[in-house]
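Worksheet for the structure shown next.
As a basis for the values below, the full set of heavy atoms in this structure was taken, side chains included, without hydrogen atoms, waters or symmetry mates.
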Amino acid sequence: MKNFALRSALVLAMSMSIFACSSDSDSNPAPQECPAGFTGINCQTQITPSKIKITKFKVTFFNNQDNGASWDTGSGPDIFLQLVNGAGGSNIWISEVYYPDVLSTGTNSFEFVPNSPIVITNVTSSFTIYLGDNDAIDFPANPNDLMGSILFNIYTTTNGFPATLSLTDGRAVPFRVELSLQYEW
């Protein structure tokens, strides 16, 4: 009888040990290595970046006409870009170069690369990108024309950190631009 009781106690102890191990591993999953910018048990939560760097702007489409007329008499517009805080707030960046006498075909694009990346630290704020026609070079000089603008947020909690952010103003003949981005956490 002693042997039976001892064997029964041993089997019971081993069974409890097996079940205890199983439930422990279910309640404490092994730590998971999440990709940069994500956290959580299943890496499902985005971490708000501390900085976003804009390394390049690429204008992929714009309207070649200003209400049915040419932007410049006898030539295409002389395009440049400007980035500002919010809807018309303070200036962040204006392109150092412009493209003279260009037309958008839908297959061509125009790249604007800042001398150094534009560092955005207020990543949850809104920004506006303006496309302009540089009329200061015309003779006689005129005020620059606004060809298009896009109000946008550079970061959202669900965008998944795209390397390229594509923006459009949604008009029938749209202004479209792509931003090349880098993130820091």
Next item on the list: To the nearest 0.5 angstrom, please state how far the CD atom of Q82 sits from the CZ atom of F112.
Entry: 12.5 Å
Note to self: Please enumerate all residues that pass side-chain hydrogen bond (donor to acceptor under 3.5 Å, both in side chains) together with T121, with sequence neighbours excluded.
What the structure shows: none
Margin query: Is it the case that the side chain of Y183 and the backbone of P162 share a donor-acceptor pair, with hydrogens and angles ignored and the cut-off at 3.5 Å?
Written below: yes
Notebook entry, point to check: Any disulfide (SG to SG under 2.5 Å) pairs touching residues 42-127, not counting sequence neighbours?
Noted result: C34-C43
Checklist line | pair F57-P114: side-chain heavy atoms closer than 4.5 Å | finding: yes
Next item on the list: Examine F38 together with F161 and report whether their ring centres are nearer than 6.0 Å.
Entry: yes
Note to self: Quick check against the 3.5 Å criterion: does S149 have a side-chain atom that pairs as donor or acceptor with the backbone of I129?
What the structure shows: no
Item checked: L81, N115, I54 screened by side chain to side chain contact (heavy atoms under 4.5 Å, CB included) with W93, the one that passes -> L81
Notebook entry, point to check: Heavy atoms, side chains only, cut-off 4.5 Å: are D72 and D78 in contact?
Noted result: yes
Next item on the list: Sorted by first residue and then second, give each salt bridge (Lys or Arg N to Asp or Glu O under 4.0 Å) pair with at least one member in residues 162-179; sequence neighbours left out.
Entry: K58-E178, D169-R171
Checklist line | N64 side chain to L103 backbone, donor-acceptor under 3.5 Å | finding: no
Checklist line | Ring centres under 6.0 angstrom apart (F175, F62) | finding: no
Next item on the list: Classify the angle between the aromatic ring planes of F152 and F127 as parallel (below 30°), tilted (30 to 60°) or perpendicular (above 60°).
Entry: tilted
Next item on the list: For F80, check ring-ring contact (aromatic ring centres under 6.0 Å, His included) against everything at least two apart and list the hits.
Entry: none
Check: Quick one: hydrophobic cluster around F61, which other residues, with the 4.5 Å side-chain cut-off, linked directly or via members?
Finding: V173
Check: In chain order, what residues pass the side-chain hydrogen bond (donor to acceptor under 3.5 Å, both in side chains) check against E184, with sequence neighbours excluded?
Finding: K53
Margin query: I'd like to know if the side chain of S95 and the backbone of Y98 have a donor-acceptor N/O pair within less than 3.5 Å.
Written below: no
Check: Going through the distances and angles, do N85 and S90 end up as a side chain to side chain donor-acceptor pair (under 3.5 Å)?
Finding: CA-CA 5 Å; N85 281 307; S90 60; 2.8 Å; yes
Check: Between the main-chain N or O of V84 and the side-chain N or O of N91, is there a donor-acceptor pair closer than 3.5 Å?
Finding: no
Checklist line | Backbone of T156 reached by a side-chain donor or acceptor of Q46 within 3.5 Å | finding: yes
Item checked: Under 3.5 Å donor-acceptor, W71 side chain and N63 backbone -> yes
Note to self: If I compare all heavy atoms of I120 with all of I92, which pair ends up nearest, and what's the gap?
What the structure shows: CD1-CD1, 4.4 Å
Check: Less than 4.5 Å apart, any side-chain heavy atom of T48 and any of T124?
Finding: yes
